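Below is one structure; the comments refer to it alone.
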Amino acid sequence: MPTIECNQQRIPFDQPVTVAQALARLLPESHDKPLGAFCEGRVLELGSRLTQDTTLRPITFQDEEGRRIYERSLRFILLLAVHRCYPDVRVRIEHSIGFGMYLQLVGRRVVQGDAKLIEDTMREIVAANLPFKRSRWSRQQAIDYFTRLGWTDKAALLSYRPYDYFNIYECGGLAEYFYGAMLPGTGDVPVFSLRYYPPGLILQMPAPNDPAVPAPYVSRPKHMSTFFESNYWCQILGCSNAADLNDLIASGQLREFIRVNEALHDKSLAEIAEDILRMDARAIFLAGPSSSGKTTTANRLKIHLRVLGMHPVLISMDNFYLNRPDVPLDEHGKPDLESLYALDIELFRHCIRDLLDGKTAQLPEYDFATGMRKEKSIPLRISHDQMLIIEGIHGLNPELHKGFEPGEICKFYLSELTCLNLDDHNRIRTTDARLLRRIVRDYQFRGTTPEKTLAMWDSVRRGEEKWIFPYQEQADIVFNTALHYELPVLRRYAYDMLQRITPDEPDYFRANRLIKILNYFLPAPDDAMQEIPPLSILREFIGGNTFYNE
């Protein structure tokens with residue numbers, strides 16, 4: 001009979017128990033309700049049976065994986081409610097917005113009353129506490145079912161999977177495939193709200209700091225506008241889901257697809273350059289989260305401004321880091337390089353002010369190998385008709401803008417905002433796409449193993465939530481650096497690296513999650529790789545970017 005351990009507590013059981021039963025005994029006074037458990041690098045559902053000695057680590061809403069479990073279960077309730085209200089309407093979940101998800105009812109003009117009707121139906125489903133029943137279906141059985149239901153996107157994707165069987169969930173007469181763990185039943189998902197946001201709806205989740213109530217809605221019109229534009233690109237490209245991209249690869253059309261992707265990026269950057277010229281700004285603060293492609297974007301923007309007759313000068317904010325002993329420490333006592341105050345803010349503002357005033361500035365140069373600033377500074381002076389492109393993660397922070405007139409600066413935010421879904425109901429998170437980019441780049445160019453990159457990711461994400469995302473709506477310009485073809489390319493580099501991570505590694509479950517995403521994509525063929533231009537943002541991560549060979 002099993003002995004179960006959790007948080008240094010051990011209890012022997014006289015018969016097999018579920019994860020939920022074991023945690024109820026081991027954590028009787030826990031304030032955070034478990035949503036699952038980690039076990040040897042795997043995620044176990046609360047209903048999973050334990051038949052042998054096991055060590056568990058509870059997953060709560062404070063864990064990213066816990067919020068994903070909650071979200072999957074909430075999405076099923078939404079789909080079941082829409083199916084009951086409008087049986088022939090197709091749901092497409094587009095992207096995240098704060099602590100919510102934006103979705104559309106394809107083929108139906110959404111009105112205010114739709115939000116109330118669907119939300120009321122969702123609450124009836126929650127009150128009924130219907131179970132999410134998991135069963136094993138053959139691939140053909142699943143394809144046939146989803147085809148009959150009209151969910152041809154899911155049927156097409158499953159046809160590319162190299163497995164003969166899948167774990168399908170059933171609830172209230174509807175079956176679905178969700179690519180991850182679920183909660184036991186609809187009664188476990190009581191906290192949500194549904195908001196009318198034409199032409200679609202926003203399904204709001206709780207925030208980690210207060211899971212008892214739906215998170216307050218925060219308007220992000222620029223963020224939404226960028227996603228709308230990217231979804232329009234998806235329509236132009238005829239590629240909205242993973243199966244669409246696989247079809248292009250299988251039919252030998254990926255090369256043309258890459259050309260159109262890159263042309264759209266170039267067109268967008270050319271238009272942004274013209275907008276900046278009209279603004280008459282002297283300093284462009286270019287910011288974005290990790291692995292957004294800031295360096296390549298800054299260089300490409302410089303080229304487009306050159307075409308318009310300007311002669312911009314690039315400045316990296318990284319050179320203004322404090323010497324490592326002077327960097328503030330995080331809660332773990334380690335140098336917090338994500339913090340704004342890891343930068344010499346006063347020196348930065350002084351140098352930029354001198355440059356804009358026509359004076360010679362002494363720019364520091366930082367050596368990341370030693371964690372120290374080099375002794376010799378670099379003198380720089382610009383003419384009155386030149387502009388600066390200042391690149392760094394904190395570029396939108398108001399602390400860096402003190403002493404500058406609003407008309408002197410342009411705030412430019414960029415991020416990898418993936419609009420390609422696995423299928424209509426399962427999106428690919430932008431954080432996962434950025435993490436894949438970073439794993440590939442760090443391994444190839446920074447000598448960092450995937451294990452180390454994964455271990456740093458939570459700290460990077462906390463820094464983004466604190467120092468970057470709160471300011472994104474203050475940007476004058478927003479640019480999406482996602483490329484619709486990049487996941488089949490990144491698969492060629494990341495897949496084997498991630499496969500080598502063993503279950504005893506602390507981030508094995510996260511590596512396995514990335515592998516599952518990549519499993520839904522065919523790898524990009526050799527001839528298509530030759531089509532990726534040397535100035536592509538993707539080259540910043542996979543190599544071959546000629547900006548770095550000058």
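Please read all numbers here as calculations on a predicted model, not as lab measurements. Scope of the values below: all heavy atoms of this structure, side chains included, with no hydrogens, waters or symmetry mates.
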> Where do Tyr413 and Tyr471 land on the ring pair (Phe, Tyr, Trp, His ring centres under 6.0 Å) test, with the steps shown first?
Replying inline: CA-CA 9 Å; Tyr413 178 77; Tyr471 306 108; over 10 Å; no
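- For Tyr70 and Phe61, the ring centers sit closer than 6.0 Å to each other.
- Aromatic ring centroids of Tyr321 and Tyr366 lie under 6.0 Å apart.
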>> Does Arg75 form a side-chain hydrogen bond (donor to acceptor under 3.5 Å, both in side chains) with Asn426? I'd like the steps, not just the answer.
In response: CA-CA 9 Å; Arg75 274 188 278 139; Asn426 292 274; 2.8 Å; yes
> Can you check side chain to side chain contact (heavy atoms under 4.5 Å, CB included) on Leu420 and Cys239, steps first, answer last?
Replying inline: CA-CA 8 Å; Leu420 190 74; Cys239 187; 3.8 Å; yes
>> Before you tell me yes or no, could you show the steps for Ile393 and Trp467 under side chain to side chain contact (heavy atoms under 4.5 Å, CB included), namely the whole-Å CA-CA distance, both residues' side-chain angles and the distance that decides it to 0.1 Å?
In response: CA-CA 8 Å; Ile393 63 173; Trp467 298 108; over 6 Å; no
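- For Asn545 (side chain) and Phe547 (main-chain N/O), a donor-acceptor pair under 3.5 Å exists by modelled atom type.
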>> Working note: Phe445 + Phe541, criterion ring pair (Phe, Tyr, Trp, His ring centres under 6.0 Å); need CA distance, chi angles, decisive distance, verdict.
In response: CA-CA 8 Å; Phe445 307 117; Phe541 306 96; 9.0 Å; no
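- Phe521 has its ring centre no less than 6.0 Å from the ring centre of Tyr495.
- A distance-only check finds no donor-acceptor pair linking the side chain of Asn7 to the backbone of Gln9 [under 3.5 Å].
- With no hydrogens or angles considered, a side-chain donor-acceptor pair links His304 and Asp266 at under 3.5 Å.
- Residue Glu375 qualifies as open at atom CD: its count of foreign heavy atoms under 6.0 Å is 12 or below.
- Note: Tyr179 and Tyr520 meet the aromatic proximity criterion, with ring centroids under 6.0 Å apart.
- Between Phe285 and His394, the distance separating the two ring centers is not shorter than 6.0 angstrom.
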